[in-house]
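Just so you know, ligand 1 is whichever comes first in the structure, and atom 1 is the first atom listed for that ligand. When reading the values below, keep in mind they use all heavy atoms of this one structure, side chains included, and skip hydrogens, waters and symmetry mates.
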Amino acid sequence: MGLAASRCLTARSIDHVVLERGEVANSWRRERWDSLRLLTPNWQSRLPGYQYDGADPDGYMTMREVIDFISRFAVFSGVPVRTHTTVTCVKRNDAGYDVATTNGNLRCRTLILASGACNVPSVPALSQTVPQSIQSFTPFSYRNPSDLPQGGVLVVGASATGVQLADEIVRSGRPVTLSVGEHVRLPRTYRGRDVLWWMDASGVWDQRYNEIDDVTRVRRLPSPQLIGTPERATLDLNALSAAGVELVGRLAAVRDGQALFSGGLRNLFALADLKMNRLLGTFDEWARSHAREAEVGLPERFEPTRAPASSRLKLDLRNGELRSIVWATGFRPDYSWLDVPVIDDKGHLRHDGGVVDAPGLYALGLPVLRRRKSTFIYGAGDDARELVDHLASYLATPVKARS
Ligand SMILES: Cc1cc2nc3c(=O)[nH]c(=O)nc-3n(C[C@H](O)[C@H](O)[C@H](O)COP(=O)(O)OP(=O)(O)OC[C@H]3O[C@@H](n4cnc5c(N)ncnc54)[C@H](O)[C@@H]3O)c2cc1C
């Protein structure tokens, strides 16, 4: 997102520098597991003035390809990036901000926080009560199944990360139990098109943050159960059960060496199915009312998620059945270096569509920042352009008029 913002700043001749603690595309180099591919199709890999132009627009990039794509964009755009420069503290001063880094200090009038939404895996506090004999992994420490000890694996969380990891771990021959909480079910393709094509074409992805009812809740929604594979496979809970993954409810507690799961899987599944069907209904209505029926296949409905006849409510963590836990319980940003009072009591940045609650401070890349697609590469361009427009008018406003 920082690179996209840089391109927009350059277009407006605004002098700037991009600070990066690692290398360009650092998160894709350092914080992803080996087999990961983007879940967004190649044609959605698009940054301001730059887009995927290869031979497989409907494919999904490997990490190597993402790193190359982003690195080429940085060169193409002439981004003034200072790599291996970690920002350690940001404070307000009279004219803007003091920025302390591992590579010297800077002063700036405006600052864009583009440090990412997924800096730290969010692991629930109850992980502390898991017996020491069980090895814990997060999506940052896990690279491939061979990292795990032989034996049973509990994957906690059934959003994009959890379903992808459960799938590859069960295929490695380890018994996998998947703990499922609230989740977003989506088919990979619908009526012959990628489901993200539908999100885009029907305008759902462009819905703006200030037009969404209860945006706070929508910002907290888990990522959809999607995977990018050459086969364009759907990876839902039915596919995982068929591959041998045992489904259990939400991990509610760990007590006396037992993992305790909520019941009510049937209701949880019914709710996710209902929401998916509602969304597919929106797509159908859009295709009908926009005379696009001829371009797509016939409407489809998918088999409801099969609930196990009875799901286990307890798992003994001491009897050797289970050897490791993968916490696929989400990610959060890290603002520990931001010494500006803009974080609310829940730890969220206070902002209005990326205009942070402090003069001249902006943010990019957070969930539903300005649109539903804000947190994806595909959403970077539109948000960066609008925020840089705001930033430019802020800079053009005389200092006296700002306060
Ligand atoms: C597992 C996973 C899968 C994803 N899959 C997709 C996908 O398929 N398609 C898609 O579009 N999006 C996907 N995303 C979302 C993806 O993170 C965003 O699309 C995009 O990477 C966000 O870019 P960003 O610049 O906001 O954050 P990041 O890519 O995290 O970049 C932030 C940068 O800031 C640097 N940084 C952080 N703190 C500091 C500091 N204090 N000082 C200096 N530098 C710092 C980091 O090193 C990093 O390079 C996925 C995310 C995750 C976690």
Side-chain angles (χ1 to χ4, degrees), residues 1-6 17-47 52 59-63 65-67 69-71 73-74 79 81-90 99-103 106 111-122 138-140 142-143 157 159-165 188 194 196 199-200 205 222-224 226-229 328-339 349 354 362-367 369 372-381 383-384 387:
M1 300 284 169
L3 303 178
S6 168
V17 63
V18 176
L19 304 179
E20 168 54 57
R21 64 182 167 188
E23 292 161 70
V24 166
N26 203 50
S27 57
W28 302 104
R29 292 173 195 271
R30 309 255 170 258
E31 296 168 355
R32 308 286 188 258
W33 57 96
D34 296 345
S35 67
L36 182 68
R37 284 174 181 261
L38 290 189
L39 53 74
T40 41
N42 289 336
W43 62 268
Q44 289 192 348
S45 287
R46 199 178 75 176
L47 287 162
Y52 173 85
Y60 309 92
M61 287 187 193
T62 62
M63 287 307 96
E65 290 166 338
V66 181
I67 294 163
F69 175 80
I70 295 177
S71 304
F73 172 72
V79 175
V81 58
R82 261 183 233 172
T83 53
H84 303 290
T85 303
T86 303
V87 175
T88 52
C89 187
V90 169
V99 180
T101 84
T102 50
N103 226 346
L106 289 97
L111 184 78
I112 301 178
L113 306 170
S115 47
C118 302
N119 302 123
V120 199
S122 295
T138 69
F140 279 19
Y142 170 93
R143 283 289 169 274
S159 297
T161 300
V163 295
Q164 292 184 26
L165 297 188
R188 179 71 269 181
D194 196 292
L196 298 181
M199 294 288 278
D200 185 50
W205 250 19
S223 57
L226 280 178
I227 185 170
T229 61
T329 35
F331 303 90
R332 60 182 168 77
D334 173 19
Y335 295 123
S336 54
W337 42 271
L338 185 61
D339 192 5
L349 190 71
Y362 298 88
L364 275 172
L366 301 178
L369 184 92
R372 280 192 190 259
K373 66 181 179 188
S374 286
T375 197
F376 294 93
I377 294 169
Y378 191 55
D383 283 8
L387 283 177

Problem set entry | For atom 36 (N) of ligand 1, the protein heavy atom that lies nearest, with its residue and separation | Arg21 NE, 3.6 Å
Exercise. Can you name the nearest heavy-atom pair linking Gly228 to Arg37, along with the distance?
Worked result: O-CD, 3.1 Å
Exercise. Is Trp33 near ligand 1, meaning one of its heavy atoms is under 4.0 Å from it?
Worked result: yes
Exercise. Side chains of Leu369 and Tyr362: closer than 4.5 Å at any heavy-atom pair?
Worked result: no
For this session: Could you verify whether a donor N or O on one side chain and an acceptor N or O on the other, from Asp334 and Ser336, lie under 3.5 Å apart?
Result: yes
Exercise. Between Arg29 and Glu20, is there a salt bridge with N-O shorter than 4.0 Å?
Worked result: no
Seminar exercise, completed: Per-atom filter on ligand 1: closer than 4.0 angstrom to a heavy atom of Thr85 are 43 (C)
Problem set entry | Nearest protein heavy atom with distance in Å, relative to atom 33 (C) of ligand 1 | Glu20 OE1, 3.5 Å
Exercise. What part of Phe140, side chain from CB on, backbone N/CA/C/O, both or neither, has a heavy atom under 4.0 Å from ligand 1?
Worked result: neither
Seminar exercise, completed: for atom 9 (N) of ligand 1, nearest protein heavy atom and its distance come out as Thr40 OG1, 2.8 Å
Problem set entry | Side chain, backbone, both or neither: Ser115 near ligand 1, heavy atoms under 4.0 Å | both
Problem set entry | Test side-chain contact (heavy atoms from CB on, under 4.5 Å) applied to Val79 and Val24, step by step | CA-CA 10 Å; Val79 175; Val24 166; over 6 Å; no
For this session: Look only at interatomic distance and state if Val87 has a nitrogen or oxygen under 3.5 Å from any nitrogen or oxygen of ligand 1.
Result: yes
For this session: Decide whether an N or O pair under 3.5 Å exists between Leu38 and ligand 1.
Result: no
For this session: Tell me which part of Arg32 gets within contact of ligand 1: side chain, backbone, both or neither, using heavy atoms under 4.0 Å.
Result: side chain
For this session: Test Gln164 against every option in Leu226, Leu36, Thr229 by the side chain to side chain contact (heavy atoms under 4.5 Å, CB included) rule and name the one that passes.
Result: Leu36
For this session: Before signing off on this row, confirm whether Arg37 and ligand 1 have an N or O atom pair separated by under 3.5 Å.
Result: no
Exercise. Would you say Thr375 has any N or O atom under 3.5 Å from an N or O of ligand 1, going by distance alone?
Worked result: yes
Problem set entry | ligand 1 to Cys118 polar contact by distance, N or O atoms, under 3.5 Å | no
Exercise. Who's the nearest protein heavy-atom neighbour of atom 10 (C) of ligand 1, and how far?
Worked result: Phe376 CD2, 3.4 Å
For this session: Looking only at distances, please establish whether an N/O atom of ligand 1 is found under 3.5 Å from an N/O atom of Thr86.
Result: no
Problem set entry | ligand 1-proximal atoms of Ala114, by part, heavy-atom distance under 4.0 Å | backbone
For this session: Measure the shortest side-chain to side-chain distance between Phe376 and Gln44 over non-hydrogen atoms and say whether it is less than 4.5 angstrom.
Result: no
For this session: Among all protein heavy atoms, pick out the one at the shortest distance from atom 28 (P) of ligand 1; state its residue, atom name and that distance to 0.1 Å.
Result: Ser27 OG, 3.5 Å
Exercise. Does Pro333 reach the side chain of Leu349, with side-chain heavy atoms less than 4.5 Å apart?
Worked result: no
Seminar exercise, completed: If you scan protein heavy atoms around atom 24 (P) of ligand 1, the nearest is Met1 CG, 3.4 Å
Exercise. Looking at Trp337, which atoms of ligand 1 are within less than 4.0 Å of one of its heavy atoms?
Worked result: 41 (N)
Exercise. When rounded to the nearest 0.5 angstrom, what is the spacing between NE2 in His84 and OG1 in Thr101?
Worked result: 13.0 Å
Exercise. Do ligand 1 and Tyr378 have nitrogen or oxygen atoms that lie under 3.5 Å from each other?
Worked result: no
For this session: Give yes or no for whether the N/O distance cutoff of 3.5 Å, strictly under, is met between Leu39 and ligand 1.
Result: yes
Problem set entry | Nearest-0.5 Å distance, OG1 of residue Thr138 to CD of residue Glu31 | 9.5 Å
Problem set entry | Flag if over 12 foreign heavy atoms under 6.0 Å of CZ, Arg82 | no
For this session: Evaluate the side-chain proximity of Asn42 to Phe69: yes if any heavy-atom separation is below 4.5 Å, no if none is.
Result: no
Exercise. Closest non-hydrogen protein atom to atom 3 (C) of ligand 1, residue and atom name please, with distance?
Worked result: Leu36 CD2, 4.1 Å
Exercise. Parallel under 30°, tilted from 30 to 60°, perpendicular over 60°: which one fits the rings of Trp205 and Tyr378?
Worked result: tilted
Problem set entry | Side-chain touch Leu19/Leu106, heavy atoms, less than 4.5 angstrom | yes
Problem set entry | Over all atoms of both residues, closest heavy-atom pair of Leu47 and Ala380 | CD2-CB, 3.9 Å
For this session: Return a yes/no value for Thr161: is any of its N or O atoms, backbone included, closer than 3.5 angstrom to an N or O of ligand 1?
Result: no
Problem set entry | For ligand 1, the portion of Leu3 having any non-hydrogen atom under 4.0 Å away | neither
Problem set entry | atom 27 (O) of ligand 1: nearest protein contact (heavy atom, Å) | Gly116 CA, 3.3 Å
Problem set entry | Any N or O of Asn119 closer than 3.5 Å to N or O of ligand 1 | no
Exercise. Side chain, backbone, both or neither: which part of Trp28 comes within less than 4.0 Å of ligand 1 when only heavy atoms are counted?
Worked result: side chain
Exercise. Below 4.5 Å, heavy atoms only, C-beta onward: do Ile377 and Phe73 meet side chain to side chain?
Worked result: no
Exercise. Should Asp334 be listed as contacting ligand 1, given a heavy-atom distance under 4.0 Å as the test?
Worked result: no
